[in-house]
There are 2 protein chains.
Amino acid sequence: MTDDDRVFKALADPSRRFLLDLLFARDGRTLTELESELEMTRFGVAKHLRVLEEAGLVVVRRSGREKLHFLNPIPIRQIHDRWIDKFTEQHVTALIDLKHTLEES
Amino acid sequence: MTDDDRVFKALADPSRRFLLDLLFARDGRTLTELESELEMTRFGVAKHLRVLEEAGLVVVRRSGREKLHFLNPIPIRQIHDRWIDKFTEQHVTALIDLKHTLEES
DNA sequence: AAGTTAGGTGACCATTTGGTCACCTGTCAA
DNA sequence: TTGACAGGTGACCAAATGGTCACCTAACTT
């Protein structure tokens, strides 16, 4: 399996995306802490975190018996750069900003 | 199934990512034209294109009996914005640019 | 009108994937 | 040092996914 295969497969599951959302909101959480936010057993969450880790979307640091999880944004940016060139990026961000502006009013 | 579920599921398959690569290189191709680039039957390719279309990653325009396919970058940008804030974006792009600079030398 | 070309549909099968469980290792606290 | 706590492993099962095929419709060509 290639690197980018791992990244996209990892992102394909809603529980894993929710874990990334949690880490985006606040980094450095343990398995047990993350587990309490999902309706799933610890084993399920651990399995998902491992998939995210192997994809490089999450990096971990051990601290005693705890394992702290951090979000790594680099693979996400690389997805962006694969299909959006600098020129297109300007148009797309302008469109999305416009959409937000309209939704606020 | 939610919208973003469709997008991520669509991106999870290497053949579909390759189709996006092809459309990124050149837009507006037909099924038959795309089919010739993959080692797969027409039915397989058609199925993949439908998944991409339902995810909004590809938009189509009919022209007689032909169906032209175009890449839509907006969902890709939204993935980026979900986990990379403006502040982090600066660091990440700087890191990636640095990586490219180093690799050239 | 007849043949050809572009594309669509529903069924089918092999493989992968998400989630759980029984059981195990390592670390901290009283 | 004994128990509680944080996490890991391998097997297992139900459900989803990738790909093919037989068969179909619609549009262009001569």
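A, B, ... follow the sequence lines: proteins, then strands. Residue 1 opens every chain.
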Could you list the donor-acceptor pairs under 3.5 angstrom formed by side chains in residues 15-22 of chain A, with sequence neighbours left out?
residue, atom, partner, partner atom, Å
A:Arg16, NE, A:Ala10, O, 2.7
A:Arg16, NH1, A:His48, ND1, 3.1
A:Arg16, NH2, A:Lys9, O, 3.0
A:Arg17, NE, B:Asp4, OD2, 3.3
A:Arg17, NH1, A:Leu11, O, 2.7
A:Arg17, NH1, A:Ala12, O, 3.3
A:Arg17, NH2, B:Asp4, OD2, 3.4
A:Arg17, NH2, B:Asp5, OD1, 2.5
A:Asp21, OD1, B:Arg82, NE, 3.0
A:Asp21, OD1, B:Trp83, NE1, 2.8
A:Asp21, OD2, B:Arg82, NH2, 2.7

Q) Can you pull the contact range of chain A along DNA chain C, 5' to 3', using atoms under 4.0 angstrom from its heavy atoms? A) C:dT17 to C:dC28
(Q) I need the NZ-C1' distance between B:Lys47 and D:dG19, as an integer number of Å. (A) 6 Å
Q: Whole angstrom is fine here: how far is it from CG in B:Leu11 over to P in D:dT17?
A: 14 Å
Q: Answer yes when B:Arg29 and B:Glu35 have at least one side-chain N-carboxylate O distance shorter than 4.0 Å, and no when they do not.
A: no
Q | Contact nearer the 5' end of DNA chain C, comparing A:Gly64 with A:Thr41 | A | A:Thr41
Q: Could you tell me whether B:Gly44 contacts a base, only the sugar-phosphate backbone, or nothing, with contacts defined as non-hydrogen atoms closer than 4.0 Å?
A: base
Q: Using whole Å, report how far CG of A:Leu68 lies from C1' of D:dA6.
A: 11 Å
Q: May I ask you to verify if any side-chain N or O of A:Arg62 is less than 4.0 angstrom from the OP1 or OP2 atom of D:dG8?
A: yes
**Q.** Donor/acceptor link under 3.5 angstrom from A:Arg65 side chain onto base of D:dA6
**A.** no
(Q) Under 3.5 Å, is there any donor-acceptor pair linking the side chain of A:Lys67 to the base of D:dG7? (A) no
Q: For A:Phe43 and D:dC13, give me the distance from atom CZ to atom P, rounded to whole Å.
A: 18 Å
Q | A:Phe24 with A:Val51, same ILVMFWY side-chain cluster at under 4.5 Å | A | no
Q: Applying side-chain hydrogen bond (donor to acceptor under 3.5 Å, both in side chains), name anything that partners A:Arg62, two or more places apart in sequence or on another chain.
A: none
Q: Please work out which residues in residues 49-61 of chain B have a non-hydrogen atom less than 4.0 Å from an atom of DNA chain C and list them by number.
A: none
Q) Which ILVMFWY residues can you reach from A:Ile74 by hopping between side chains whose heavy atoms are under 4.5 Å apart? A) B:Val92, B:Leu95, B:Ile96
Q. Is it true that a side-chain atom of A:Thr30 and a backbone atom of A:Glu33 form a donor plus acceptor pair closer than 3.5 Å?
A. yes
Q: Report the hydrophobic cluster partners of A:Phe87, with the cluster defined as I, L, V, M, F, W, Y residues connected by side-chain heavy atoms closer than 4.5 angstrom, directly or transitively.
A: none
Q) Taking atom C1' of D:dA26 as reference, at what distance in whole Å does atom CD of B:Glu66 sit? A) 13 Å
Q | Donor-acceptor pair, side chain of B:Asn72 and main chain of B:Gly56, under 3.5 angstrom | A | yes
Q: Kindly give the heavy-atom pair with the smallest separation between B:Ala46 and B:Leu31, and that separation in Å.
A: N-CD1, 3.8 Å
Q. To which residues is A:Phe70 joined in a hydrophobic cluster, defined by side-chain heavy-atom contacts under 4.5 Å among Ile, Leu, Val, Met, Phe, Trp and Tyr, whether direct or through other members?
A. A:Val59, A:Leu68
Q) Are B:His48 and D:dT17 close enough that a side-chain N or O sits under 4.0 Å from OP1 or OP2? A) no
Q: Not counting sequence neighbours, which residues clear side-chain hydrogen bond (donor to acceptor under 3.5 Å, both in side chains) with B:Glu53? List them please.
A: B:Lys67
Q | Contacts of B:Lys99 that satisfy side-chain hydrogen bond (donor to acceptor under 3.5 Å, both in side chains) - sequence neighbours left out | A | B:Glu103
Q) For DNA chain C, what residues of residues 19-39 of chain A have any heavy atom nearer than 4.0 Å? A) none
Q: Give the rounded distance in Å between these two atoms: CZ of B:Phe8 and P of D:dT17.
A: 15 Å
Q) Between the axis at one end of the helix from C:dT4-D:dA27 to C:dA30-D:dT1 and the axis at the other (five pairs apiece), what's the angle to 10 degrees? A) 30°
Q. Is the backbone N or O of B:Glu89 less than 3.5 Å from a side-chain atom of B:Thr93, with the two atoms forming a donor-acceptor pair by type?
A. yes
Q: Round to a whole Å and report the spacing from CZ of A:Arg42 to C1' of D:dA6.
A: 7 Å
Q | With sequence neighbours excluded, residues passing side-chain hydrogen bond (donor to acceptor under 3.5 Å, both in side chains) with B:Asp3 | A | B:Arg6
